[in-house]
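Remember, predicted model here, so these are calculated numbers, not experimental data. Just so you know, these numbers use all the heavy atoms, side chains as well, and skip hydrogens, waters and symmetry mates.
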Amino acid sequence: MLDAKFVVENPEQVRQALARRGPAAAAALEGLEPVAARRRALLRETEDRRARLKTASKSLGSFKDKASPEFARLREQLRADGDGIKALEAKLAEAETELEQQLLRVPNLPHASVPDGADSAANRVERTWGEPRAFDFEPQAHWDLGAKLGILDLERAAKLSGPRFAVLLGAGARLERALIQFMLDVHVRDHGYTELMPPYLVNRASMTGTGQLPKFEEDLFHVAPQDLFLVPTAEVPVTNFHADEVLEGPLPVKYASFTPCFRAEAGSYGKDVRGLIRQHQFHKVELVKFAEPEKSFDELESLTRDAEAILQRLELPYRVVTLCAGDLGFSATKTYDLEVWLPSQRTYREISSCSSFGDFQARRAKIRYRPGKGEKPRLVHTLNGSGLAVGRTWLALLENHQQADGSIRIPEALRPYFGGDRLSA
RNA sequence: GGAGAGAUGGCCGAGUGGUCGAAGGCGCCCGCUUGCUAAGCGGGUGUACGCCCAAAAGGUGUACCGUGGGUUCAAAUCCCACUCUCUCCGCCA
């Protein structure tokens, strides 16, 4: 959420920044300023009248003769004043709700370093690591490799649940588990993150805190009787872990969290219909940081490097792109996507998204820190990134390390976790 | 699922209608004292949103004692609903 005061005081600056995202983003501001002005006027009058009522009420309490007509008259007067104030307060609450509801639907401002552009075609490539491998045979897609190796069963998953679900079996399941363990170990042991296992069902407040609600409810799986939502990413429970808190210790606070992720994938019909790329349920190791505002972009760089380390150790070629303003997610102010090379598609595909949210989520979720002893709390900056999406890592590993005979070479770093140097039928 | 108890400031804890943003203690900060340490003495120490001030400092107003509503001129205090925590019983991975 943007700071209402800042929006009101800098309307043109805010409008221009939002316009970089596209016309719809700027339109979200329509009608906001009058509501803010109305709220301010009502607040002022309400507080003023309540102050006068309080003073009068106190003098009534110290009245000597409580049976006198003056006492009765004054009391009657105060009752009427009180009723008037109550009516004003109702109007004020209405204005505040309206302002809040509208503000919750305004996306974050893109950072100045974010390139212009309407969609992913305008994303800026920052660097590339590794060389796409030159195959002396035709590389197969992961769904063919997985089926032939007997480690991936999409047909039976469809029987169980429907499209966009998968069953891993045998060495395929073991590979998934090895990847999870490997990623967590690297981040916890080598990068200094604290492991966190959160609930996979969260309430509306949590979803609002990170920005999935109120605008994107159709992308979530909802559990009706309890009004809970399956987490689309560990970002939600882990960021909201510190909601309504003032962090007193040193920053940054860093968590690494493995969770399943559940996404309804509304509106993605026809996209990535084959294979594991786009699933309703997948595993992810997520990195989350709470940082000082002045250091948040340095923290974004190091968080991105932490995610890259996984790809490097798994010997998977990738590139880093900065999302352009039009491609940026709702809550993010700047995002680096890590895109892994997929031989079967001869293209780079997203495998991690590392973002800084500035104070946008912190304001929604009320996450603050104390800069020093006795100093006033300030909003933290929140960041997160996939480190990595496990399912996409699994399929990238199959495709990139496949051999002519259809077996898979397990990269050195993963062998202790997988328990072998080769996956074959 | 059944029965009971509770929710007050960073923490502990007092407070059953007005003088309560809230006693007292702990912690923390500043100063004094002090060979060092410890102890002692004095003062200070919540958050949000307004207003005044060029700004900072400061001043000032309103709200907040789990959440929401109600009674009352006046609510931490009385009433109602809800949430959460704890204890016991039952069930259960």
Side-chain angles (χ1 to χ4, degrees), chain A residues 1-10 32-104 197-209 223 225-229 237 240-251 253 260 290 359-380:
Chain A
M1 191 162 68
L2 301 179
D3 180 7
K5 194 192 279 181
F6 182 81
V7 173
V8 167
E9 286 172 1
N10 306 278
L32 204 136
E33 279 122 302
V35 181
R38 185 153 55 88
R39 186 203 80 101
R40 185 184 302 240
L42 283 167
L43 178 67
R44 211 170 159 167
E45 189 182 351
T46 308
E47 290 193 347
D48 204 54
R49 286 178 59 173
R50 183 158 285 286
R52 276 184 271 136
L53 179 71
K54 274 177 78 168
T55 310
S57 182
K58 262 176 201 159
S59 70
L60 191 68
S62 51
F63 223 81
K64 336 94 213 142
D65 182 5
K66 298 206 160 131
S68 69
E70 294 97 295
F71 182 87
R73 206 182 57 240
L74 187 51
R75 192 174 63 181
E76 195 43 52
Q77 174 65 47
L78 293 189
R79 187 208 305 278
D81 289 352
D83 288 346
I85 291 170
K86 252 178 206 164
L88 262 185
E89 280 175 336
K91 278 204 215 159
L92 174 63
E94 215 174 278
E96 274 177 344
T97 306
E98 198 179 329
L99 183 64
E100 167 103 357
Q101 286 309 304
Q102 201 175 342
L103 222 40
L104 283 173
M197 283 197 167
Y200 307 146
L201 286 163
V202 300
N203 57 28
R204 278 182 190 276
S206 297
M207 284 294 186
T208 306
V223 179
Q226 292 83 4
D227 196 25
L228 295 172
F229 298 88
N240 284 286
F241 182 60
H242 289 303
D244 298 310
E245 290 183 18
V246 178
L247 303 174
E248 301 283 351
L251 296 180
V253 172
F290 301 85
D359 60 15
F360 187 85
Q361 293 181 327
R363 185 172 295 105
R364 290 173 160 243
K366 298 186 183 66
I367 310 166
R368 296 175 293 168
Y369 77 105
R370 202 176 296 281
K373 273 200 186 308
E375 292 186 53
K376 286 179 70 94
R378 297 173 70 197
L379 292 170
V380 298

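- Rounded to an integer number of Å, the gap from A/Glu248 CD to B/G27 P is 18 Å.
- Nucleotides B/C36 and B/C12 have their P atoms positioned 36 Å apart, rounded to a whole Å.
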Side chains of residues 359-371 of chain A: which donor-acceptor partners sit under 3.5 Å, not counting sequence neighbours?
unit_1	atom_1	unit_2	atom_2	d
A/Asp359	OD1	A/Arg363	NH1	3.3
A/Asp359	OD2	A/Arg363	NH2	3.0
A/Gln361	OE1	A/Thr382	OG1	2.7
A/Gln361	NE2	A/Thr210	O	3.1
A/Gln361	NE2	A/Glu235	OE2	2.8
A/Arg363	NH1	A/Met1	O	2.6
A/Arg364	NH1	A/Thr208	O	2.7
A/Arg364	NH1	A/Leu213	O	3.2
A/Arg364	NH2	A/Leu104	O	2.4
A/Tyr369	OH	A/Arg378	NH1	2.9
A/Arg370	NE	A/Glu248	OE1	3.1
A/Arg370	NE	A/Glu248	OE2	3.2
A/Arg370	NH1	A/Glu375	O	2.9
A/Arg370	NH2	A/Glu248	OE2	3.4

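- For A/Asp48, the salt bridge (charged side-chain N to carboxylate O under 4.0 Å, His left out) partners two or more places apart in sequence, or in a different chain, are A/Arg52.
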Could you go through nucleotides 64-72 of chain B and list every protein N or O atom that sits under 3.5 Å from one of its N or O atoms, giving the distance for each pair?
none

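- Between B/A76 and B/A22, the two C1' atoms lie 8 Å apart (nearest whole Å).
- B/G44 and B/U8: their P atoms are spaced 26 Å apart (whole Å).
- Taking CD from A/Glu45 and CD1 from A/Ile85, the interatomic distance works out to 9.5 Å, rounded to the nearest 0.5 Å.
- Here the CG atom belonging to A/Asp81 is positioned 10.5 Å from the OG atom belonging to A/Ser57, to the nearest 0.5 angstrom.
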query = Given A/Glu9 and A/Lys5, is the salt bridge (Lys or Arg N to Asp or Glu O under 4.0 Å) satisfied, shown in steps?
reply = CA-CA 6 Å; A/Glu9 286 172 1; A/Lys5 194 192 279 181; 5.6 Å; no

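- Note: CG (A/Leu42) to C1' (B/G50) measures 13 Å, nearest angstrom.
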inquiry  = Would A/Asn240 and A/Val202 count as a side-chain contact (heavy atoms from CB on, under 4.5 Å) here? Give the steps.
reply    = CA-CA 10 Å; A/Asn240 284 286; A/Val202 300; over 6 Å; no

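- Separating the NZ atom of A/Lys58 from the C1' atom of B/A74 is a distance of 10 Å, rounded to the nearest angstrom.
- Every salt bridge (charged side-chain N to carboxylate O under 4.0 Å, His left out) that A/Glu96 has, sequence neighbours left out, goes to A/Arg39.
- The separation of B/A39 from B/C26, taken at their P atoms, amounts to 11 Å, rounded to a whole angstrom.
- Spacing between B/A14 and B/G2 at atom C1', rounded to whole Å, works out to 34 Å.
- Comparing B/G15 with B/C92, their C1' atoms are spaced 43 Å from each other, to the whole Å.
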request  = Would you sketch RNA chain B in dot-bracket for me? Only Watson-Crick or G-U wobble pairs with both distances under 3.5 Å count, crossing pairs as [ ], other-strand pairs as |, the rest as dots.
outcome  = ((((((((.[[[..)..(.....]]]((((((.......))))))(((((((.....))))))).[[[[[..)....]]]]])))))))....

So which protein N/O to nucleotides 44-49 of chain B N/O distances come out below 3.5 Å?
unit_1	atom_1	unit_2	atom_2	d
B/U47	O3'	A/Arg368	NH1	2.9
B/A48	OP1	A/Arg368	NH1	3.2
B/A48	OP2	A/Lys376	NZ	3.2

request  = Output, in order, the C-alpha distance, side-chain angles, deciding distance and verdict of salt bridge (Lys or Arg N to Asp or Glu O under 4.0 Å) for A/Arg79 and A/Glu76.
outcome  = CA-CA 5 Å; A/Arg79 187 208 305 278; A/Glu76 195 43 52; 3.2 Å; yes

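- Between A/Leu78 atom CG and B/A75 atom P the separation is 12 Å, expressed in whole Å.
- A residue-by-residue look at A/Arg44 and A/Asp48 shows that A/Arg44 has its nearest nucleotide of RNA chain B further toward the 5' end.
- The interatomic distance linking A/Asp227 (CG) with B/U83 (P) rounds to 13 Å, in whole Å.
- Going from atom CD of A/Gln101 over to atom CG of A/Leu103 covers 10.0 Å, rounded to the nearest 0.5 Å.
- Taking atom C1' on both B/G13 and B/C20, the two are 16 Å apart, rounded to the nearest angstrom.
- Using C1' as the reference atom, B/A57 and B/C52 are 14 Å apart when rounded to the nearest Å.
- The separation between A/Arg40 atom CZ and B/C51 atom C1' is 10 Å, rounded to whole Å.
- A distance of 10.0 Å separates CG of A/Leu43 from CD of A/Glu89, quoted to the nearest 0.5 Å.
- Between A/Tyr200 and A/Pro260, the closest side-chain pair of non-hydrogen atoms falls below 4.5 Å.
- Rounded to an integer number of Å, the gap from A/Leu53 CG to B/G18 P is 17 Å.
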request  = Could you walk me through whether A/Asp227 and A/Asn203 pass the side-chain contact (heavy atoms from CB on, under 4.5 Å) test, one step at a time?
outcome  = CA-CA 7 Å; A/Asp227 196 25; A/Asn203 57 28; over 6 Å; no

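- The NZ atom of A/Lys54 sits 9 Å away from the C1' atom of B/A63 (whole-angstrom rounding).
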